[in-house]
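One structure below.
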Amino acid sequence: MKIVLLDGYASNPGDLSWEPLKEFGEVTIYDRTHASQVLERAAGATILITNKVTIDRTLMKQLPELKLICVLATGYNIIDTVAARELGIVVCNVPAYSTESVAQMVFSLMLHFTNRVSHYAHQVREGRWSQSPDFCYWDIPVHELSGKTLGIIGLGNIGTKVAEIAHLFGMDVFAYTSKNAAFLPDYIRKTTLEGLLSVSDILTLHCPLTDTTREIINRDTLAKMKHGAILINTGRGPLVNEQDVADALASGQLEGYGADVMVQEPPTMNNPLLHHPNAYITPHIAWASVEARARLLQATFKNIRCYLEGKPQNVVS
């Protein structure tokens, strides 16, 4: 059996092991695969493993031996699942492997704005504390999360985990979600989108990217937020209109924007958010803790094992 991994580097740059794949068959691993190389590399494969390489109908029809596609991610929009189903190809993803990791990044970004750790560490290195006439030094205020209102758009695994942590911080938690309010924890209050925008001191995005959520944060919705609110996006870049966010930062409508995702990745150097002093962007690493990537690989190995045993799991096709 031929197994081809098309783009393994991001998930495993060398600190983890692909060795368990070898128990399933002949394995070829590529760090990266350009679109022009996919057909040649995938030819003859029974199992394809992909992270971001697109596998569409045209490609599948040219791969008669292909039986299983494993996505090294939770999102599987890179796969034409309708075509896969029609062609009898099973597609499996890995749900919930990065919940803790992404939730941790949400609070890293949140605490960055409230506690200003990087700002004050820089001030100390510059000698400001050493020159202070007092035992302490500050030039901008720090704030507690306790008592602040957190708004969450989307209550999947990550949004729910963020709500749980926020509650432990003493935050008031509101959510815009399709879930029935009767089944939510008592510390989460369901509300409308407009209601959420109006009450949130901090707003964090955890909804899937769909036609209805694309640019859900835009000039109009930003105008309905509290003046000086903080926006966090670890979901998908296109959930926001980046130019509108940059304009809201410039006007002071937003105090800060913390994001781990962007509309184009990697972003172009002329992106209006990259150089804004109140925008703090990390390079799509919220999912990528060592622990989360280890879970991702182990779950992928299990997806293959279960398929070969005739009991496929995490099927999305």
Side-chain angles (χ1 to χ4, degrees), residues 75 77 102-103 105-107 109-114 143 145 147-156 158-160 162-163 166 171-181 184 188-282 284 286:
N77 56 299
V102 177
M105 177 62 83
V106 171
F107 282 89
L109 291 167
M110 210 181 293
L111 291 165
H112 171 84
F113 290 109
T114 57
H143 294 279
L145 288 179
K148 299 293 187 297
T149 297
L150 178 67
I152 303 174
I153 297 181
L155 279 180
I158 296 171
T160 300
V162 168
M171 303 184 78
D172 296 320
V173 182
F174 287 76
Y176 175 56
T177 175
S178 60
K179 290 187 175 180
N180 189 319
L184 297 179
I188 301 177
R189 281 173 276 186
K190 180 175 178 175
T191 185
T192 63
L193 178 59
E194 287 203 2
L196 190 75
L197 296 170
S198 68
V199 300
S200 298
D201 298 305
I202 302 171
L203 180 66
T204 182
L205 310 180
H206 300 290
C207 53
L209 179 62
T210 66
D211 290 341
T212 56
T213 62
R214 185 177 296 275
E215 295 193 2
I216 192 171
I217 301 301
N218 55 53
R219 186 177 304 277
D220 293 337
T221 50
L222 286 162
K224 294 174 182 177
M225 293 180 67
K226 283 185 175 182
H227 184 81
I230 293 167
L231 176 63
I232 307 292
N233 184 11
T234 59
R236 292 289 183 268
L239 293 174
V240 310
N241 180 302
E242 290 178 340
Q243 184 60 60
D244 291 352
V245 170
D247 292 343
L249 288 169
S251 71
Q253 175 64 11
L254 281 181
E255 178 182 330
Y257 179 56
D260 186 58
V261 289
M262 302 198 78
V263 172
Q264 178 180 327
E265 296 178 345
T268 60
M269 287 301 296
N270 63 354
N271 185 291
L273 291 170
L274 289 192
H275 308 290
H276 198 288
N278 292 324
Y280 290 86
I281 314 293
T282 51
H284 206 138

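- Residues Thr234 and His206 have side chains in contact (heavy-atom distance under 4.5 Å, counting atoms from C-beta outward).
- Between Leu222 and the choices Asp244, Asn241, Leu249, the side-chain contact (heavy atoms from CB on, under 4.5 Å) rule is met once, by Asp244.
- With contacts defined as side-chain heavy-atom distances shorter than 4.5 Å, the pair Ile202/Met171 qualifies.
- Pro272 and Gln243 make their closest contact through CG-OE1, 3.6 Å (heavy atoms, listed as atom of the first residue, atom of the second, distance).
- Leu184 has its side chain within reach of Thr177: a pair of non-hydrogen atoms, C-beta onward, lies under 4.5 Å apart.
- Applying the salt bridge (Lys or Arg N to Asp or Glu O under 4.0 Å) criterion to Lys179, with sequence neighbours excluded, gives no partner residue.
- Take Lys190 and apply the salt bridge (Lys or Arg N to Asp or Glu O under 4.0 Å) test, not counting sequence neighbours, and it matches no residue.
- Here the side chains of Met269 and His275 are in contact, with some heavy-atom distance below 4.5 Å.
- Here the side chains of Asp201 and Ile230 are not in contact, with every heavy-atom distance at 4.5 Å or above.
- Considering only residues two or more places apart in sequence or on other chains, Gln264 meets the side chain to side chain contact (heavy atoms under 4.5 Å, CB included) condition with Thr268.
- Applying the salt bridge (charged side-chain N to carboxylate O under 4.0 Å, His left out) test to residues at least two apart or on different chains, the pairs with a partner in residues 255-272 are Arg116-Glu255.
- Between Val162 and Phe107, the shortest heavy-atom contact is O-CZ, 3.6 Å.
- For the pair Ile153 and Thr213, the minimum side-chain heavy-atom distance is 4.5 Å or more.
- Listed by chain and number, the residues in a side chain to side chain donor-acceptor pair (under 3.5 Å) with Thr160 amount to none (sequence neighbours excluded).
- A search for ring-ring contact (aromatic ring centres under 6.0 Å, His included) contacts involving Tyr280 returns His112, Phe113, not counting sequence neighbours.
- Side-chain contact between Val199 and Asp172 is absent, with no heavy-atom pair separated by less than 4.5 Å.
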